[in-house]
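As the structure lists them, so they are numbered: ligands from 1, and atoms in each ligand from 1. One-based numbering along the sequence shown.
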Amino acid sequence: MVSAVLQTSFLGDMILTTPLIERLAREGEVHVVATPANAAVLAHHPAVASVIVYDKRQADAGFTGLRRVAARLRDTRATTAYMAQGSWRTAALARLAGVPSVGFDTSAGRWLYSRHVAYRKDWHHAQRLWALASAPREASLPAPGQLRPSLYPGASDDAHVMALLAAAGVGAGDPLIALAPGSVWATKRWPSYDALASALVSQLPDVRIVVIGAAGDAPLAAAISGAVNQRGGRAVIDATGKLSLLGSAALLSRCAVLATNDSAPLHLASAMNTPTVALFGPTVPAMGFGPLAERHVVLGRDALTCRPCSAHGGEACPLGHWKCMRDIEPSAVAAQVVRETRASQ
Ligand code: SF4
């Protein structure tokens with residue numbers, strides 16, 4: 001059996017698609033259609049036969065690009081396309097390639113699918129995606145913890161991490177705590193990572209803090225670094241913009257714990273089984289995107305009736321007070337990070 005998996009959504013969605021890909025790979029070749037950014041994260045993955053890059057916003061924009069990518073998809077000889085992303089555009093891609101498709105009954109492109117699977121709001125997204133490969137009875141569905149995603153950093157990713165840590169004076173056994181203060185969505189960015197870092201320095205003076213994220217997160221890393229300097233703590237390692245996605249995954253595999261917002265690093269940590277302290281504000285784990293590392297803690301203001309207020313978290317709090325994030329106490333987060341760090345030592 002040859003399968004195609006179409007996933008052109010956000011990075012976190014791509015990572016959560018890997019259990020489905022692994023499941024399909026047990027029965028034959030799996031070819032994945034992915035955005036350029038998501039394609040990079042699948043490098044070295046043993047369950048992926050090939051990645052077809054679909055640069056839907058630039059190189060492959062428009063109908064000409066769609067037909068070009070459809071021709072590549074047709075060349076794989078896939079017999080089923082699993083629609084992990086539900087737009088009409090990816091549905092049209094499968095239809096143009098002549099590959100029968102299976103996708104969620106709520107997706108925008110469902111009119112073009114050959115078969116529909118119920119989109120279960122009450123399931124983790126890894127379960128929802130896994131269920132595309134069949135329509136299992138709920139009793140036979142693996143628990144979220146059994147559907148931990150998988151990534152495979154390569155030798156060069158490991159080498160970059162080792163060079164970064166060596167340059168910062170980190171020894172082989174030195175404990176590391178990762179902080180991921182960024183998010184594409186402003187209301188998802190917890191504003192107190194600097195206060196958290198200050199608290200960690202006094203409670204865990206031997207531990208080094210490393211900040212991960214995109215290049216645009218450098219100002220957040222600088223604020224954390226400044227707070228630690230003021231406390232006289234050991235220098236913060238700023239890895240923002242310095243590592244590939246798989247490099248960040250490799251770094252996380254080396255960390256005792258990650259403190260993160262509801263954003264891509266959370267899913268990288270799930271894939272590397274790095275203990276995770278996740279901070280949820282305008283979104284909630286019940287939406288299906290909670291951490292899957294064996295050891296994880298979710299912190300959020302459960303009593304706020306306005307949560308969740310959007311699917312992704314917006315650019316500004318619609319109520320103006322942003323209590324879902326402002327009211328998460330740095331001391332409470334620090335207590336969980338310290339606990340997980342000690343448990344990892
Ligand atoms: S409306 Fe509520 S959940 Fe949404 S951003 Fe504001 S405080 Fe957070």
Worksheet entry | Within residues 234-252 or reaching into it, pairs that qualify as salt bridge (charged side-chain N to carboxylate O under 4.0 Å, His left out) - sequence neighbours excluded | Asp238-Lys242
Worksheet item: Which pairs with one or both residues in residues 176-200 pass salt bridge (charged side-chain N to carboxylate O under 4.0 Å, His left out), sequence neighbours excluded?
Response: Lys188-Asp262
Discussion item. Using a 3.5 Å distance criterion without hydrogens, assess whether the side chain of Arg307 forms a donor-acceptor pair with backbone atoms of Arg301.
Written reply: yes
Item to complete: Run through the protein N/O/S atoms less than 2.8 Å from atom 8 (Fe) of ligand 1 and write them out by chain and number.
Response: Cys324 SG
Worksheet item: If you measure only the distance, is there a donor-acceptor pair under 3.5 Å linking the side chains of Ser344 and Arg295?
Response: yes
Worksheet entry | ring-ring contact (aromatic ring centres under 6.0 Å, His included): pairs with one or both residues in residues 254-298, sequence neighbours excluded | His125-Phe289
Worksheet item: Which heavy atom of Ala221 sits nearest a heavy atom of Thr240, and at what distance?
Response: CB-CG2, 4.1 Å
